[in-house]
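For reference, the structure discussed in these notes is given below.
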Amino acid sequence: MTTTSPAPAAASPAPVTAAHDLTGKRRIAFASYVDENYLPGFLALLRSLALSNPGVCEDFVVLHDDLRPASIARIRALHPRVVLRRVDTGRYDAYKKGDQGNYLVRKAYFILDVFRIREYDTVITLDTDMVVLGDLGELLRLREGLAAVPQFFYGQHKLNSGLLVIQRPYLSDAFCARLDATGHSGDYELDKHDQGILNAVLDGDFVRLDARYNFVKRRLSGDLPVPDDTAILHFTGRHKPWQGGEAGYALAEDRWREFDLSDAEFHAAWLDSPGALHHDLLVHFGTPHVRRTGNVEYARKVAAAHIAAGDYQDAVDILSGVRIPLDEAWPHEVLGQALMSVSRDEEARARLLLASAAPNRAAVAHARLAQMAWVRGDDAEALRHATAGLSVDITHRSSRLWAQRAATVPAQELGAPEDQLAHVAFYMDRQGNAGDKLLPETVRLGFGADTTSRRWHSVHAHRYFDEAAVARVNARRGLVIGGGGLFIPDTMPNGNSAWQWNVPDEHLRAVDVPIMVYAVGFNAFDGQSYRAGRFRESLRLLVEKSSFFGLRNHGSIAKVRAMLPAHLHDRVRFQPCPTTVSRQLVPGWTDPADREDTVLLNAAYDRAGLRFGHDYGHFLGEIAKAVRSIGAHTEVRCVAHSLDDEKIAFDLRREYGISLPVVPMYDFDNDEIRDLYARTRLVIGMRGHAGMIPFGVGTPIVSLISHPKMTYFLADIERPEWGVSVHDKDLGAVLTERALGILDDHAGTVADVHGRQRELWKVTEANAADIRAILGS
């Protein structure tokens, strides 16, 4: 194996690698102060939160000073993301009012510790004598100020205790200093009805919420029923439901008792909740329930949640632990999917064949069988199953995709093997993602002008790399790996490598020609991780075997180095994505003499929950503002890299009456993609290659950041101002300002793009010289 010393990397600041810092995604947490006396109330609160909001699972910060280990275990059993924080019991001794032995006074003091939390952008406090009865989505979407319900009995000037929705400016040292100063001064009232210090500091300056978010028990005196729209019921007063209750509030206390459940009762009730169930909760509550009951349907739900998160072995384990009747098609299908995702193909095939006997699951089962056959190189078998799937459901998209792949005749290779490079990439299907469609050809341009089968032998990354494939690669001059964000765990899962190239270690070791990893990206989303040790082992072997190992941004370099032993760190170098230097690579390229007076807008919707969190409504409203403002100066069009990208146009029209022309880039060939991006004035894009491709053809960009890789790229070109987070509270105004600034100084910005591109080209040229030495040409 020939190796060379790494080329000097382009100057770049050390990347920030915490994903939420890169994307600007809001971190939200609930918080409560809990002690042993109020533990029964807190456990009921946790059950009520899960049952009333089964699709919500944010961190829950538990402030405490005396909880026993057994109590902590009971709390953890009811929430998978508990963060324990011990309060400083001496912190408030110098405050000039209050009996420290009185629980209500202690709680009023200790809840002030919530303002010392720094890890979150929004914190929602809940008292331990509350139960949640309704949807809290409005609270999770709040982004401004400190919000609370005004006191019902004592006027609108003071906030009621219990529920606070606190935003980042209040979770600060400056605000804590104001609280401490007021506490030390004694200039406040403190009793069982209010947060005296907080009310004194705010002096009525808080966002007022509807009373249904803190509906106090006292409003129901005389056994009045709880109003149907109550979201949070608060059992204020000394007599708590778990302590025997209080006369005159029987109907209210009946609502509390709905949540005084055993674990078995609670798990069963939660698993039967309507609507979407949060993955973390489903795993946390479903796993013990399945172990207790052996229920096949619940096991299927838990396994599907594991699959959605990329935890394929966990899905296999949960379904393998129950008896699945032969005629229960859906569990067999889910287990088949899990088994194929860890490359246990024969077992998967048996399960999927059982599932294919049921008409309502047959199309999906046959599509998965077609996928397995295609991965193993059996196109005839793949076509047979895909056709069977279409015979059940002619509209089944996945079956149609596998039928097209299986029926496609491979391009005839024109050159001799000794003149070719083998190329592992994700070769995109027709109407697939436009960026991924362009990538393999552009990677090849980094090695020379001829991108055809005369010089290249194609190896689809998703097909199993068997001994015959090893022999075909070893007959070539070398092996190039690149074209797609290949370091991602769930696009086409397999148990052989745990990343997109389906290669077992023994077959990777058998490759005896130079291996060049070229501009691959580490593509995990904010909230997504590589949990498998298998990936780390495969990655280490790949780095050891490679003669050249280049990643497309410094953020990916930092992530990958963190998974490697120190002696391999220097092998990982910077190789910009070749799409970012397309003007230098495309033979005969000339910049357009004229540009259309357009701005192209791209949004992405794959893994939407990871991209937007609770902020999609905010994002859409802010984009509507920006489109209207920018549209007053130039035409805005929607450019769709994939079919799903058209959703932004549908949603803008439905919610805001804005109609945008849609450009179906997923139908374009590579020259058409480059040409369209070269002829527009500005691209506002959320996909990585909706930024890198236009940049590479000399067009200014503004990136809508919902994935760390966008921030990585902008850091590499030293233009962070060309990006704005989809979570930015002023997204519309910021986006408008930056877009109009670019349009007003268009020539200057284009020149800046060219200058930034030259820096990436220098790195690419230096790497190309090393690669030529590796290949001996």
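The model shown is predicted, which means the values in this text are computed figures rather than measured ones.
With hydrogens and angles disregarded, no donor-acceptor distance shorter than 3.5 Å links the side chain of Thr287 to the backbone of His284. Listed for the Arg611 side chain is no donor-acceptor partner under 3.5 Å among the backbone atoms of Arg607. With hydrogens and angles ignored, the 3.5 Å screen pairs no side-chain donor or acceptor of Asp505 with any backbone N or O of Leu508. Side-chain N or O atoms of Asp419 include none that pairs as donor or acceptor with a backbone N or O of Trp456 at under 3.5 Å. Side chain of Ser538 to main chain of Arg534: no donor-acceptor pair is present (N/O by atom type, distance under 3.5 Å, no hydrogens or angles). Checking side-chain atoms of His306 against main-chain N and O of Lys301 turns up no donor-acceptor pair under 3.5 Å. In this structure, the side chain of Lys437 does not engage the main chain of Asp429 through any donor-acceptor pair within 3.5 Å. For the pair His689 (side chain) and Met692 (backbone), a donor-acceptor distance under 3.5 Å is absent. Within the 3.5 Å criterion, the main-chain N or O of Ser546 finds a donor-acceptor partner in the side chain of Arg571.
The aromatic rings of Tyr677 and His641 sit tilted, their planes meeting at an angle between 30° and 60°. Taking the six-membered ring where tryptophan is involved, the planes of Trp402 and Trp374 are tilted, since the angle between them lies from 30° to 60°. The aromatic rings of His423 and Tyr427 sit perpendicular to each other, their planes meeting at more than 60°, with 30° as the lower class boundary. Between Phe612 and Tyr605, the two ring planes are tilted [angle within 30° to 60°].
Here Glu333 contributes atom CD and Leu369 contributes atom CG; the two are 10.0 Å apart, rounded to the nearest 0.5 Å. A distance of 5.0 Å separates OG of Ser320 from CG of Leu335, quoted to the nearest 0.5 Å. A distance of 11.0 Å separates CD1 of Ile774 from CD1 of Ile515, quoted to the nearest 0.5 Å. Here Ser356 contributes atom OG and His332 contributes atom NE2; the two are 11.0 Å apart, rounded to the nearest 0.5 Å. Residue Ser453 holds its OG atom at 7.0 Å from CD of Gln420, rounded to the nearest 0.5 Å. Rounding to the nearest 0.5 Å gives a distance of 11.0 Å between OG of Ser547 and CG of Asp770.
A salt bridge links Arg300 and Glu297; the closest N-O separation between the charged side-chain nitrogens and carboxylate oxygens is under 4.0 Å. Residues Arg679 and Asp675 are paired through a salt bridge, judged by an N-O separation under 4.0 Å between the basic side chain and the carboxylate. The pair Arg477-Glu418 does not count as a salt bridge, with every side-chain nitrogen at least 4.0 angstrom from each carboxylate oxygen. Using a cut-off of 4.0 Å between Lys/Arg side-chain N and Asp/Glu carboxylate O, Arg384 and Asp378 are scored as not salt-bridged. With respect to the salt-bridge test (charged N to carboxylate O, under 4.0 angstrom), the residues Glu537 and Arg540 do not qualify. Arg687 has a carboxylate O that lies under 4.0 Å from a charged side-chain N of Asp606, or vice versa, which qualifies the two as a salt bridge. Using a 4.0 Å cut-off between charged nitrogen and carboxylate oxygen, Glu347 and Arg351 do not count as a salt-bridge pair. A salt bridge is defined here as a Lys NZ or Arg NE, NH1 or NH2 lying under 4.0 Å from an Asp or Glu carboxylate O, and Glu381 with Arg349 meets this definition. Using a 4.0 Å cut-off between charged side-chain N and carboxylate O, Arg405 and Asp379 make no salt bridge.
Ile324 and Pro331 make their closest contact through CG2-CB, 3.8 Å (heavy atoms, listed as atom of the first residue, atom of the second, distance). Residue Ala690 comes nearest to Gly685 through the heavy atom pair CB-CA, 3.9 Å, listed as atom of the first residue, atom of the second, then distance. Taking each heavy atom of Met563 and Arg536 in turn, the nearest pair found is CA-NH1, 3.4 Å. Between Thr580 and Pro576, the closest heavy-atom pair is OG1-CB, 3.9 Å. Minimum heavy-atom separation, Leu439 to Cys577: CD2-SG, 3.7 Å. The nearest pair of heavy atoms linking Val392 to Ala363 is CG1-N, 4.3 Å.
Proximity of Tyr518 to Phe549: side-chain heavy atoms (C-beta onward) are nowhere separated by under 4.5 Å. In this structure, the side chains of Ile394 and Arg400 come closer than 4.5 Å at one or more pairs of heavy atoms. Residues Tyr712 and Phe522 fail the side-chain proximity criterion, which asks for heavy atoms closer than 4.5 Å. Counting heavy atoms from C-beta on, the side chains of Thr442 and Arg674 come closer than 4.5 Å. A heavy-atom distance below 4.5 Å is found between the side chains of Leu421 and Phe447. Using a 4.5 Å cut-off on side-chain heavy atoms (C-beta onward), Leu271 and Leu282 make contact. Ile771 has its side chain within reach of Met516: a pair of non-hydrogen atoms, C-beta onward, lies under 4.5 Å apart. Between Val473 and Phe465, the closest side-chain pair of non-hydrogen atoms falls below 4.5 Å.
For the side-chain contact (heavy atoms from CB on, under 4.5 Å) test with Asn602, the passing option among Val663, Val683, Asp645, Ile648 is Asp645; the others fail.
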Item to check | From CA spacing to verdict: side chain to side chain contact (heavy atoms under 4.5 Å, CB included), Leu352, Met372 | outcome: CA-CA 11 Å; Leu352 292 169; Met372 277 201 304; 3.9 Å; yes
Next on the checklist: For a side chain to side chain contact (heavy atoms under 4.5 Å, CB included) check, start with the C-alpha distance between Phe426 and His462, then their side-chain angles and the critical distance, and finish with the verdict.
Outcome noted: CA-CA 7 Å; Phe426 176 18; His462 296 164; 3.6 Å; yes
Checklist entry - When you look at Asp644 and Ser642, which way does the side-chain hydrogen bond (donor to acceptor under 3.5 Å, both in side chains) test go after all the steps? => result CA-CA 5 Å; Asp644 292 344; Ser642 70; 5.1 Å; no
Next on the checklist: Run the side chain to side chain contact (heavy atoms under 4.5 Å, CB included) test on Leu479 and Ile481 for me, step by step, so that the C-alpha distance in whole Å, both residues' side-chain angles and the decisive distance to 0.1 Å come before the verdict.
Outcome noted: CA-CA 7 Å; Leu479 173 62; Ile481 302 169; 4.2 Å; yes
Checklist entry - Which is it for Leu353 and His385 under the side chain to side chain contact (heavy atoms under 4.5 Å, CB included) test, yes or no, and what are the steps along the way? => result CA-CA 10 Å; Leu353 286 172; His385 281 296; 4.3 Å; yes
Item to check | Worked check of side-chain hydrogen bond (donor to acceptor under 3.5 Å, both in side chains) between Arg463 and Asn502 | outcome: CA-CA 6 Å; Arg463 300 193 91 156; Asn502 193 341; over 6 Å; no
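Side-chain N/O atoms of Arg368 and Gln337 include a donor and acceptor closer than 3.5 Å. Looking only at atom types and distance, the side chain of Ser556 has a donor-acceptor partner in the side chain of Asn553 under 3.5 Å away.
Judged by the 6.0 Å distance and 45° axis criteria, Arg376 is positioned over the aromatic ring of Tyr464.
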